[in-house]
Amino acid sequence: MTDAAALPGQPRGGVLSGPATARAVNVLAPNPSAMTLDGTNTWILSEPDSDLAVVVDPGPLDDGHLRHVVATAERAGNRVALTLLTHGHPDHAAGAARFAELTGTRVRALDPALRLGDEGLAAGDVITTGGLELRIVPTPGHTADSLCFHLPADRAVLTGDTILGRGTTVVAHPDGRLGDYLDSLRRLRSLTVDDGVHTVLPGHGPVLEDAQGAVEYYLAHRAHRLAQVETAVEDGYRTPGQVVAHVYADVDRSLWPAAELSVRAQLDYLEEHGLI
């Protein structure tokens with residue numbers, strides 16, 4: 001068994017659902033898979049002395065899960081006042097409209113197609129609900145509409161699929177772009193260096209106690225994969241499928257379709273920079 005403290009980002013052990021920081025509680029959605037890990041993390045955020053809560057990523061369209069999120073907030077004495085989305089993938093956002101019906105809340109997101117209400121989300125926005133402060137951090141790359149939410153009072157950041165609690169994420173080509181993703185990782189690294197963020201509250205998997213270590217691992221992993229793809233092309237592996245079979249030979253074949261999305265994004269990046 002590997003000590004969690006020795007793993008990238010120092011993942012927290014134990015049950016995923018429940019309190020994670022002074023202001024964040026996770027309700028794990030019942031949608032585990034190779035892509036979603038244990039399931040989608042739905043985050044309930046509130047100030048300790050407030051009766052209002054913000055929910056980030058209601059998750060899939062699963063009425064039992066959505067009602068469980070509402071009940072969890074209510075048991076803590078909170079009324080859900082706002083719903084936010086890190087991005088539009090169905091495992092995070094498909095339940096948002098139904099959740100809005102259950103709670104009477106607006107849904108705010110970067111993508112206008114996902115919003116319910118007039119307000120979206122943009123870089124530099126600061127959300128204050130019931131005394132809770134959340135700062136919007138644009139982090140495109142996994143998808144074009146990906147956002148992270150900086151929770152300064154807990155020195156934490158909610159990362160959606162930009163950083164996972166276990167393993168690495170997909171650059172979902174063609175919507176996701178590798179150059180954007182690398183810039184986003186560097187932006188998150190700045191949060192750890194300049195703003196003291198040390199905790200990652202991810203969209204899937206366990207909480208990470210070492211945010212800077214997680215970001216550095218992701219940057220190193222991307223550089224390593226990019227070098228592997230570049231070498232594979234030089235060795236005559238031309239199509240994305242050929243590159244995946246060569247570079248990702250040690251990865252479960254069920255994940256190859258997702259890996260091919262990242263490979264396509266890497267090939268685009270290498271072409272754009274004149275490296276292949």
Side-chain angles (χ1 to χ4, degrees), residues 1-17 26 28-42 57 59-60 62 86-94 141-143 146 159-178 181-182 184-185 200 202-208 210 213-233 235-270:
M1 181 179 294
T2 302
D3 183 356
L7 296 172
Q10 296 182 18
R12 184 182 298 174
V15 179
L16 295 181
S17 285
N26 181 30
L28 182 65
N31 61 333
S33 72
M35 291 297 294
T36 61
L37 304 180
D38 309 275
T40 300
N41 294 334
T42 295
D57 289 351
D62 180 308
T86 60
H87 65 297
H89 278 167
D91 56 311
H92 295 258
H142 170 68
T143 60
S146 288
T159 55
D161 283 356
T162 299
I163 292 180
L164 305 179
R166 185 170 66 250
T168 56
T169 198
V170 172
V171 179
H173 181 274
D175 185 45
R177 295 175 56 82
L178 180 59
Y181 186 63
L182 295 174
S184 293
L185 291 176
V200 172
H204 303 280
V207 171
L208 299 178
D210 177 15
V215 174
E216 295 292 357
Y217 172 76
Y218 265 61
L219 284 166
H221 171 78
R222 282 296 161 204
H224 178 63
R225 283 295 193 210
L226 193 61
Q228 287 181 308
V229 171
E230 184 178 1
T231 299
V233 172
D235 290 343
Y237 299 93
R238 297 297 181 183
T239 69
Q242 289 172 340
V243 173
V244 169
H246 179 67
V247 173
Y248 292 79
D250 60 338
V251 174
D252 189 321
R253 283 177 175 262
S254 68
L255 297 175
W256 280 15
E260 184 168 325
L261 297 179
S262 286
V263 165
R264 289 179 181 274
Q266 290 172 93
L267 291 172
D268 280 359
Y269 180 88
L270 291 169

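Predicted, not measured: the structure shown is a model, and the values here were computed from it.
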Subject >> Val171/Gln266 under side chain to side chain contact (heavy atoms under 4.5 Å, CB included): CA gap, chis, key distance, verdict >> reply: CA-CA 9 Å; Val171 179; Gln266 290 172 93; over 6 Å; no

Rounded to the nearest 0.5 Å, how far apart are [atom1] of [X] and [atom2] of [Y]?
| X | Y | atom1 | atom2 | result |
| --- | --- | --- | --- | --- |
| Leu182 | Leu226 | CG | CG | 7.5 Å |
| Leu185 | His142 | CG | NE2 | 12.5 Å |
| Arg225 | Tyr248 | CZ | OH | 4.5 Å |
| Tyr217 | His221 | OH | NE2 | 6.0 Å |
| Leu164 | Leu208 | CG | CG | 9.0 Å |
| Thr42 | Leu28 | OG1 | CG | 8.0 Å |

Determine the minimum heavy-atom distance between [X] and [Y], stating which atoms define it.
| X | Y | answer |
| --- | --- | --- |
| Pro30 | Pro32 | C-CD, 3.3 Å |
| Arg12 | Pro206 | O-CB, 3.3 Å |
| Ala29 | Pro60 | CB-CD, 3.8 Å |
| Gly205 | Pro202 | O-CG, 3.6 Å |
| Glu260 | Gly241 | OE1-CA, 4.0 Å |

With sequence neighbours left out, write down each residue that passes side chain to side chain donor-acceptor pair (under 3.5 Å) with [X], or none if nothing qualifies.
| X | answer |
| --- | --- |
| Thr159 | none |
| Arg177 | Glu272 |
| Arg253 | none |

Within the 4.5 Å heavy-atom criterion, are [X] and [Y] side-chain neighbours or not?
| X | Y | answer |
| --- | --- | --- |
| Val247 | Tyr237 | no |
| Glu216 | Leu219 | yes |
| Pro174 | Arg264 | no |
| Thr169 | Tyr181 | yes |

Original post:
Between Asp38 (side chain) and His204 (backbone), is there a donor-acceptor pair under 3.5 Å?
Top reply: no

**OP:** Would you sort out whether Thr162 and His87 count as a side chain to side chain contact (heavy atoms under 4.5 Å, CB included), showing the intermediate values?
**Re:** CA-CA 10 Å; Thr162 299; His87 65 297; over 6 Å; no

**OP:** Please assess Ser254 against Met35 for the test side chain to side chain contact (heavy atoms under 4.5 Å, CB included), listing each intermediate value before the final yes or no.
**Re:** CA-CA 9 Å; Ser254 68; Met35 291 297 294; over 6 Å; no

Original post:
Are side-chain N/O atoms of Asp161 and His92 paired as donor and acceptor at under 3.5 Å?
Top reply: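 There is such a pair between these side chains.
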
Original post:
What residue among Thr40, Asp62, Asp91 forms side-chain hydrogen bond (donor to acceptor under 3.5 Å, both in side chains) with Asn31?
Top reply: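 So, applying the side-chain hydrogen bond (donor to acceptor under 3.5 Å, both in side chains) to Asn31 and each of Thr40, Asp62, Asp91, only Thr40 qualifies.
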
**OP:** Would you sort out whether Asp268 and Leu178 count as a side chain to side chain contact (heavy atoms under 4.5 Å, CB included), showing the intermediate values?
**Re:** CA-CA 8 Å; Asp268 280 359; Leu178 180 59; over 6 Å; no

